[in-house]
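Computed from heavy atoms alone, side chains included, the values below leave out hydrogens, waters and symmetry copies. In this text the structure is predicted, and so the values were computed from the model without any measurement.
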Amino acid sequence: MLQPTSRRCCPRQPLRLSLVTDTSQLDAEYRTFVKQLHGDAVQTITDFTIFWDHFEAYVINGSDMGRTEESAQAEVDKYRSKHHPRLLRLAFGHPDPEVRYQAELLAQRMTPASISAIRAEESKSDSYRNAALNNGRESVGALRKAIYHAPFRDARPEPAYDGKRLAPVDPIPKD
């Protein structure tokens with residue numbers, strides 16, 4: 001924020017402006033902002049964890065749970081309509097860089113998991129499905145940890161996001 005450092009006494013004297021760089025005030029405002037968003041972030045990961053537990057069991061035990069191609073597609077559609085937009089809101093809107101990174105990584109890792117849910121019966125081996133589910137399970141835990149720790153970070157991170165993907169895309173074994 002720019003503030004005048006001196007008053008103009010005559011029309012020819014330039015107005016001097018200085019940049020307010022009170023980092024303690026900015027850090028406090030950042031922590032307050034993260035704490036305001038914390039409830040929504042916790043609700044998002046709680047809802048996603050409940051979905052993930054059901055989804056993972058469904059993918060692993062699908063034929064025992066009466067999985068059909070239509071029911072598998074319904075599970076994927078539930079993810080795409082409800083949970084994917086909420087993960088992207090965290091990935092692109094949360095002020096904490098670790099929360100953004102983990103949310104984007106989880107959203108990326110859900111694509112292979114979704115494919116394995118739909119095409120589990122076509123798979124010649126379980127390596128693709130296991131890798132997709134392990135990556136997803138790991139990402140759910142990492143996002144829970146990032147959301148939990150976000151309000152406790154003391155230092156305000158420097159903005160460095162350039163709009164490119166933050167998370168690397170994992171290689172998934174081929175069948």
Side-chain angles (χ1 to χ4, degrees), residues 26-62 64-67 70-120 126-173:
L26 292 174
D27 289 344
E29 289 173 0
Y30 170 79
R31 283 190 299 276
T32 301
F33 183 46
V34 170
K35 287 178 183 178
Q36 287 173 345
L37 296 175
H38 190 66
D40 289 337
V42 167
Q43 189 63 49
T44 297
I45 193 60
T46 301
D47 292 345
F48 189 84
T49 300
I50 292 167
F51 165 79
W52 176 259
D53 291 344
H54 173 76
F55 182 81
E56 185 176 28
Y58 182 80
V59 172
I60 292 171
N61 305 314
D64 296 339
M65 297 174 72
R67 176 179 55 206
E70 293 80 24
S71 65
Q73 188 62 49
E75 287 296 315
V76 172
D77 290 344
K78 183 193 318 184
Y79 162 73
R80 287 183 183 153
S81 66
K82 180 179 180 184
H83 300 289
H84 188 70
R86 293 172 76 187
L87 285 176
L88 292 181
R89 216 172 9 259
L90 285 178
F92 302 127
H94 200 279
D96 187 80
E98 185 65 19
V99 172
R100 286 194 312 268
Y101 175 83
Q102 295 301 337
E104 185 174 355
L105 184 60
L106 178 56
Q108 286 179 12
R109 286 180 168 179
M110 276 305 294
T111 299
S114 299
I115 292 169
S116 68
I118 295 171
R119 299 185 178 160
D126 291 336
S127 61
Y128 180 89
R129 180 187 71 188
N130 291 340
L133 292 177
N134 288 338
N135 286 343
R137 189 179 313 114
E138 178 186 308
S139 287
V140 171
L143 181 57
R144 275 197 304 256
K145 180 180 177 183
I147 287 171
Y148 174 79
H149 286 286
F152 302 109
R153 294 193 212 291
D154 288 336
R156 177 178 45 88
E158 290 295 320
Y161 185 64
D162 60 0
K164 296 180 181 169
R165 287 191 177 267
L166 296 173
V169 177
D170 294 316
I172 299 291

Check: Any idea which heavy atoms bring G136 and L106 closest together, and the distance?
Finding: O-CD1, 3.9 Å
Checklist line | 4.5 Å side-chain heavy-atom contact, M110 and F55 | finding: yes
Check: Would you find a donor on one side and an acceptor on the other, under 3.5 Å apart, between the side chain of R100 and the backbone of F92?
Finding: no
Next item on the list: Indicate the atoms forming the closest heavy-atom contact of A107 with L88, along with that distance.
Entry: CB-CD2, 4.2 Å
Margin query: Side chains of N134 and E138: any donor to acceptor distance under 3.5 Å?
Written below: no
Check: Considering all heavy atoms of both residues, which atom of W52 and which atom of L133 are nearest to each other, and what is their separation?
Finding: CZ2-O, 3.5 Å
Item checked: Gap between atom NE2 of H94 and atom OG1 of T44 - 0.5 Å precision -> 9.5 Å
Notebook entry, point to check: Which heavy atom in A41 sits nearest to a heavy atom in I147, and how many Å separate them?
Noted result: O-CD1, 3.5 Å
Notebook entry, point to check: Can you tell me how far the OG1 atom of T49 sits from the NE2 atom of H83, to the nearest 0.5 Å?
Noted result: 10.0 Å
Check: Looking at I45 and R144, what are the two nearest heavy atoms and their distance?
Finding: CG1-CG, 3.3 Å
Checklist line | Residues Q102, L105; criterion side chain to side chain contact (heavy atoms under 4.5 Å, CB included); working and verdict | finding: CA-CA 5 Å; Q102 295 301 337; L105 184 60; 3.9 Å; yes
Checklist line | Working for ring-ring contact (aromatic ring centres under 6.0 Å, His included), residues F48 and F51 | finding: CA-CA 5 Å; F48 189 84; F51 165 79; 5.7 Å; yes
Notebook entry, point to check: How far apart are the closest heavy atoms of A103 and L90, and which atoms are they?
Noted result: CB-CB, 3.7 Å
Note to self: Between the side chains of E98 and K145, is the shortest nitrogen-to-carboxylate-oxygen separation below 4.0 Å, so that they form an ion pair?
What the structure shows: no
Item checked: R109 side, atom CZ; T111 side, atom OG1 - distance, nearest 0.5 Å -> 12.0 Å
Next item on the list: Going by the side chain to side chain contact (heavy atoms under 4.5 Å, CB included) test, name the single residue among Y30, F33, Y101 that passes it with D96.
Entry: Y30
Notebook entry, point to check: Is the shortest heavy-atom distance from the side chain of P95 to the side chain of L37 under 4.5 Å?
Noted result: yes
